[in-house]
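Protein chains get the first letters and strands the later ones, always in sequence-line order, with residue 1 at the start of each. If you're wondering where the values come from, they're calculated on a predicted model, not measured in any experiment.
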2 protein chains.
Amino acid sequence: MKEILSNISITVNNHIYLKNPESSGLGKRILEGSIDLLDELGFEAFTFKRLADRISSTEASVYRYFESKHKLLLYLTSWYWAWTDFRLFISLANIPSPEERLKRAINLLTSPVQKDISITHINEEKLHRIVIAESSKSYLTKEVDEENEEGVFYNYKKLVQRVCDIIFEIDPKYKYPHMLISTVIEGSHHQRFFAEHLPRLTDTSKKEDAIVFFYTDMVFQSLRAKQDKKLKS
Amino acid sequence: MKEILSNISITVNNHIYLKNPESSGLGKRILEGSIDLLDELGFEAFTFKRLADRISSTEASVYRYFESKHKLLLYLTSWYWAWTDFRLFISLANIPSPEERLKRAINLLTSPVQKDISITHINEEKLHRIVIAESSKSYLTKEVDEENEEGVFYNYKKLVQRVCDIIFEIDPKYKYPHMLISTVIEGSHHQRFFAEHLPRLTDTSKKEDAIVFFYTDMVFQSLRAKQDKKLKS
DNA sequence: GCAAAAAAGATAGTAAAACTATTATATTTG
DNA sequence: CAAATATAATAGTTTTACTATCTTTTTTGC
């Protein structure tokens, strides 16, 4: 995958950074280092000082790229949504049946991220763990409206919309596609976190992937309620 | 309601506080003041210094009740789950049909909190907004396992279990009751936040309460998938 | 009603976090 | 190679998140 896609790149809204971290070696070290450290320490204990030490740079240099650790988190999650949207696009290409496309979409959104699908210097497996544990902190703030106006959540909305478009093909009358899909995305992340840390809030069975199964079923049952087509679930 | 229930009180795991805030006037002012301030400022900008100023006390005095603002948030959310569990208990009393009980439970878990159901000095309407915007920060931390062992999430688990018990009555074979209910609770909170701040991630229709309807439908459709009883949805 | 105990207030102080500013040294680019 | 730009090194500020100490007020048990 690396070969084929070496000339595509993931873009993130430029209100999120001061200087594009993809534009320099230090910028890339900041991204790599912050993914490692956020995964190790969590958002609360993560600081630019610690990041600078880890990548053998200085606090002041990191501040030239991102105005705060909150913006850095926003960058990483936004990158993740763009990357997920891109993978989704590929996964759905040339599949004529909307039901099959929806099934593949849910599968991609709710499955764990495997190491081997990396396309860049970014460790997507670690990034996935960061998104699970930290991404809701990127919008559950008092600055959300302001930042939303700047377009920093565009990549997330775009991904949700892409899946909603499939639902529209299956049932143009279905009233809650966005609610359904954002519930699937946020929900599956929460369930992965619960499975690891608060197992009594979920139902873990190690054999099959209960999370993928549950949300696939949930979506198709919710849609079947509104229409009575046969589904290849 | 205030009259009838004046002798019941909500209990919170004692690992969460240093001194029980319900045991003194200052403690109650801390609870009241923190609910006001958290609602106004959000968790990030909330500090014990600001809280102390607001309630005309001192930082040091607040620290005698809670060892950190994180523990205070944990207290408030835990209180909220106990209160919700209590309301649920009442709402389900003497309703024989498990389907009807489940419907009432989903309704209670996904509806907005109205002012008039207050039983204490706590402003439950504000607390509900805090739970929506901040409660996931109480467990999305690196300390979650440690704190979970101390039992600080017990009230949340208990609430989820209570609803799972109803599902068991309806369909003892259903495999994912905890996933279903925690998805409903977390999901409905997220959707309320989205409706206000990120509307493109949800489907708002101001007339009826789309969120209650959506999750009720979701639950009953998910269960109908596994069984074919008639439901009064 | 009073003494002892406990709670709260007043004040001060520390370590670290979250930045900003300045100057010097590399590195890039035209 | 000069000029521009990026990074490093260093230092400083303000705020947060606490801890410590001492005094005053309130509670309580007799």
Asks: How do B:Y63 and B:A60 order along DNA chain D: which one's closest nucleotide is nearer the 5' end?
Replies: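 Mapping each residue to its closest nucleotide by heavy atoms, the 5'-most match is B:Y63.
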Asks: Between B:R29 (CZ) and D:dT26 (C1'), how many Å, whole number?
Replies: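 The answer, rounded to whole Å, is 13 Å.
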Asks: In whole angstrom, give the distance that lies between atom NZ of B:K28 and atom P of C:dA7.
Replies: 15 Å
Asks: Quick check against the 3.5 Å criterion: does B:N155 have a side-chain atom that pairs as donor or acceptor with the backbone of B:S78?
Replies: yes
Asks: Which whole-number value in Å describes the distance from A:L51 CG to D:dT7 C1'?
Replies: 15 Å
Asks: In whole angstroms, how far is the C1' atom of C:dA6 from the OH atom of B:Y65?
Replies: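 Between C1' of C:dA6 and OH of B:Y65: 11 Å.
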Asks: Can A:Y65 and A:S24 be counted as having a side-chain donor-acceptor contact under 3.5 angstrom?
Replies: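 Yes, because at least one side-chain N or O of A:Y65 sits under 3.5 Å from a partner of the opposite role on A:S24.
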Asks: With a 4.0 Å limit, can you tell me whether B:K49 has a side-chain N or O closer than that to the phosphate oxygens OP1/OP2 of D:dA17?
Replies: no
Asks: With a 4.0 Å cut-off on heavy atoms, is B:T47 in touch with a base, just the backbone sugar-phosphate, or nothing at all?
Replies: sugar-phosphate
Asks: Tell me whether the side-chain N/O atoms of A:S24 come closer than 4.0 Å to OP1 or OP2 in D:dT7.
Replies: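 Answer yes for this pair, as a side-chain N or O of A:S24 is under 4.0 Å from OP1 or OP2.
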Asks: I want to check one thing: is the phosphate of C:dG9, taken as OP1 and OP2, less than 4.0 Å away from some side-chain N or O of B:S57?
Replies: yes
Asks: Tell me whether the side-chain N/O atoms of B:R50 come closer than 4.0 Å to OP1 or OP2 in D:dT16.
Replies: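 Yes, because at least one side-chain N or O of B:R50 sits under 4.0 Å from OP1 or OP2 of D:dT16.
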Asks: Measure from CG on A:L18 to P on C:dC19 and round the result to the nearest Å.
Replies: 11 Å
Asks: What do the steps show when you test B:F48 against B:F66 for ring pair (Phe, Tyr, Trp, His ring centres under 6.0 Å), and what is the final call?
Replies: CA-CA 10 Å; B:F48 277 3; B:F66 293 102; 7.3 Å; no
Asks: Please report, rounded to the nearest Å, how far the P atom of C:dA7 is from the CD1 atom of B:I30.
Replies: 13 Å
Asks: With a cut-off of less than 4.0 Å, is there a side-chain N or O of B:S61 near OP1 or OP2 of C:dG9?
Replies: yes
Asks: Write down the distance between CD (A:E44) and P (C:dA16), rounded to a whole number of angstrom.
Replies: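 Answer to the nearest Å: 19 Å.
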Asks: D:dC18 base to B:E67 side chain: any donor-acceptor pair below 3.5 Å?
Replies: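 There is none.
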Asks: State, yes or no, whether a side-chain contact exists between A:I106 and A:V212 at a heavy-atom distance under 4.5 Å.
Replies: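 A:I106 does not reach A:V212 side chain to side chain.
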Asks: So does B:I122 get a backbone contact from the side chain of B:K28, meaning a donor-acceptor N/O pair under 3.5 Å?
Replies: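 No: the side chain of B:K28 does not pair with the backbone of B:I122.
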Asks: Would you indicate what B:K19 reaches in the nucleic acid, counting non-hydrogen atoms under 4.0 angstrom: base, sugar-phosphate, or nothing?
Replies: sugar-phosphate
Asks: Whole-Å distance between C:dT22 C1' and A:E59 CD?
Replies: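 Answer to the nearest Å: 15 Å.
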